[in-house]
Amino acid sequence: MSADILALLVKATGQTLYMVVVAGLVGSLFGIPLGVFLATSGKGELFPAPSVNKVLGAIVNATRSTPFIILVVAIIPFTRLIAGTSIGTSAAIVPLTIATIPFVARLVETAIREVDPGLTEAARAMGASPIQIVFKVLLAEARPGIASALTLTIVSLIGYSAMVGAVGGGGLGDLGIRYGYQRFMPDVMATVVVVLIVLVQLVQSAGDRLARRFDKRVRPR
Amino acid sequence: MNMAIITNRVKNPLNMAANDEPQVHKSANPMVAFECVSKRFAAARSSAEVIALDSIDLVVPRGSVTGIIGRSGAGKSTLIRLVNGLEKPSSGRVLVDGVDVAGLDEKNLRSVRRSIGMIFQHFNLLSSRTAFDNIALPLEIAGVDRQSIEKRVAPLLDLVGLSDKRDRYPSELSGGQKQRIGIARALATEPKLLLSDEATSALDPETTRSILALLKQINKELDLTVLLITHEMEVVKTIADHVAVIDGGRIVEQGPTFDVFTGHAHETTRALLGGLAGMRLPEFLTSRMTEQPEPDSRTILRVIFKGENATEPMLARLGSDLGIEVNILAGAVDEIAGRPFGMLVVSLRADEAKIAEARQFLANHGLASEVVGYVR
C-alpha cells in the first residue's frame with residue numbers, strides 16, 4: 001500500500017471519528033432527555049402528557065423507519081440551514097445526529113423503564129419532586145443501561161457514517177467504496193474493514209467496562 | 001430526641017387526672033384518622049369499577065404500633081398508600097396529625113411526606129447507592145447540606161446496627177440488613193409516623209423477629225407512631241398494640257390487639273387466627289364431633305383464659321366443687337401484645353344443666369368458654 005493511500009486512510013479514520021463523536025454527543029444531548037420524557041410521560045406517570053408522548057413516539061418511529069440514506073437526502077435543506085452547506089464532513093454530521101436522537105431516545109426509554117417502579121414509589125414517599133426522581137433515581141439507577149445504550153449508538157453511528165460518502169462526507173466507509181470497490185483495490189477495502197472492526201471492538205469493550213462499573217446490582221467478582 | 005421523651009413524660013401525669021380511660025383521650029387527637037374513606041378504581045374496558053376500600057373509619061392512636069391485617073387483595077396496600085398520598089381517596093378524609101392529606105396539592109403533599117417514613121416489602125433501596133448514600137437520599141431530597149447529612153446518617157447506621165456496612169451496596173447485604181437500611185432511611189428525616197408495607201413478608205422468621213424488635217424499639221425510644229400492614233398474624237401479635245382487621249375493602253374489627261384477638265368475634269379475624277395456638281381443633285376431635293348432643297355424649301368446651309387468670313385450679317375445682325369429670329384434650333398458651341393468652345379444649349361428661357352450671361362457674365372466675373360440639 002502506498003504512502004498516499006496510507007495518508008488517505010489516516011484522514012478517513014479522522015473523519016469517521018469526528019463525525020461519530022460529534023453526532024454521538026449532540027445526538028445524546030437531545031436523545032437522552034427525549035428518552036427520559038418518553039419513559040415518564042405516559043398516563044399516570046411522573047410527567048403525564050399522554051398525547052405529547054404519543055406524538056413524539058410517532059415521530060421517533062417515523063425517523064427510525066426511514067432508511068438512513070434516504071434521510072440524508074431528504075433533509076438536505078435542513079442540513080444547509082444548520083451547517084451552511086449540504087456537502088462535506090461537517091454537513092454529514094447533521095443527518096447523522098438526526099438519526100441518532102430517536103435511536104438514543106428509544107434505548108434510554110427502555111433502560112429507564114427497567115428501573116424498579118418500587119424505587120420511584122419510595123422516592124415519592126420521601127417527598128421527592130418529579131425532577132428529583134429523574135435525576136436521583138431514574139438516571140442513577142439506569143446508568144448501566146444507558147452506558148450500554150450509548151455504546152450501541154456509537155457502534156451504529158460508525159456503520160451509518162459509511163453512508164454519508166453520498167453527500168461528500170468522507171470517512172472510512174467512503175474510502176472503502178471509492179478506492180476498495182470502484183477502483184478495485186481489495187487491499188484498501190480489507191484495511192478499511194479491519195480498521196472499522198478494531199474501532200467497533202474498542203468502543204464495545206470500553207462501553208461494557210463502563211456499564212459493569214456502574215452496575216452495582218450484582219455482587220462484585 | 002431525649003428532650004422529646006422527657007417532655008412526654010412530664011406531660012403525661014398532667015393528663016392522667018382527666019384521663020382514666022386513655023383510649024378516649026388518644027382517639028381525640030390521633031396520629032392518623034380515616035373518615036369514611038372509599039377508594040374505587042375504574043376498571044379498564046368494562047363498566048364495573050373495583051371498590052378497593054369501602055367507607056373506612058380507622059384511627060391510629062398517637063405513639064401506638066397499629067397493625068392492619070388482612071388477606072392479600074383485602075385493600076391493605078391501598079389503605080396505607082392513602083396516608084402519604086401515594087393514592088388519593090375517591091371520597092372521605094385522611095387526616096395525618098390533623099391535616100387532610102387528600103386535600104393537599106403536590107407541593108404541600110411533598111412536605112407532609114417528609115414527615116412520614118415508609119418501609120417496603122422489597123426494601124426499595126437504590127442499587128446504585130451505598131448503604132450510607134441510600135440513607136442520605138431523603139435528606140438530599142429535602143435539600144440538607146452534606147455536613148448535616150453526615151452527622152445524621154452515622155447515628156442512624158449505628159441505631160440499626162450496620163455501621164460497618166456503610167460503604168456496602170445493597171447487593172452485598174442480606175435481606176434483614178437491607179430492611180435495616182430501609183428503616184434507617186425512613187427515619188432520616190425524623191418523621192412522626194412510620195408506615196410499614198409488609199416490611200417483614202420477604203424475610204425468614206428469625207430475621208422477621210429481629211426487624212420487629214427493632215421497630216418496637218424505635219416506637220418506644222423515638223416515640224414514633226408506627227402503622228403497619230401485614231398478612232402475618234405473627235407480626236401483629238408480636239408488636240401491634242392496636243389492630244384493625246380488613247376484609248373485602250372494609251374494616252371488620254378494630255381495637256386493642258389483645259381484645260380483638262381474644263374476643264375473636266368476626267369470622268375473618270377467626271380465620272386469620274387459625275394459626276394461633278389452640279384455635280384450630282385437632283383432627284381426632286373434629287372427625288367424630290357432632291353439632292347436636294346425643295344420648296350419652298360428652299360436651300366439648302373451649303375454655304379461654306386471658307392475661308393472668310389461671311385455668312388449672314378452676315378446672316380442678318369443676319371436679320371437686322361441682323362433681324364434673326374434666327378431660328383435657330388440647331391446649332396451648334400464646335402471647336399477644338405481651339400478654340399471655342391461652343385456650344384449653346376439654347370434654348365434660350355431664351347433662352346440659354350441669355354444663356350450664358360449669359360455664360357459669362368459669363365465667364364467675366373470669367374464664368370465657370364456648371361449646372364447640374359433642375363427642376360420643
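A note on names: the letters A, B, ... follow the listed sequences, proteins ahead of strands, and every chain is numbered from 1.
- Using a 4.5 Å cut-off between heavy atoms, P170(B) makes no contact with chain A at all.
- For the options E106(B), R185(B), M118(B), heavy-atom pairs under 4.5 Å to chain A are most numerous at R185(B).
- For the options I116(B), N84(B), L137(B), heavy-atom pairs under 4.5 Å to chain A are most numerous at L137(B).
- Using a cutoff of 4.0 Å between basic side-chain nitrogens and carboxylate oxygens, K76(B) and E198(B) are scored as salt-bridged.
- Only the backbone of L125(B) comes within contact range of chain A, with at least one heavy atom under 4.5 Å from a heavy atom of that chain.
- The shortest heavy-atom contact between R113(A) and L38(A) is NH2-O, 3.0 Å.
- In this structure, chain B has no heavy atom under 4.5 Å from any part of T120(A).
- Highest contact tally toward chain B, considering only A123(A), A125(A), P144(A), A128(A), is held by A125(A) [criterion: heavy-atom pairs under 4.5 Å].
- Proximity to chain B (any heavy atom under 4.5 Å) is restricted, for Q132(A), to the side chain, taken from C-beta onward.
- Taking 4.0 Å as the cut-off between side-chain N and carboxylate O, E35(B) and R93(B) count as a salt-bridged pair.
- Residues E121(A) and R124(A) are not paired through a salt bridge, judged by the lack of any N-O separation under 4.0 Å between the basic side chain and the carboxylate.
- A salt bridge links R217(A) with D215(A): the closest approach of a Lys/Arg side-chain nitrogen to an acidic carboxylate oxygen falls below 4.0 angstrom.
- Note that CZ of F132(B) and CG of L157(B) are 7.5 Å apart. Values are rounded to the nearest 0.5 Å.
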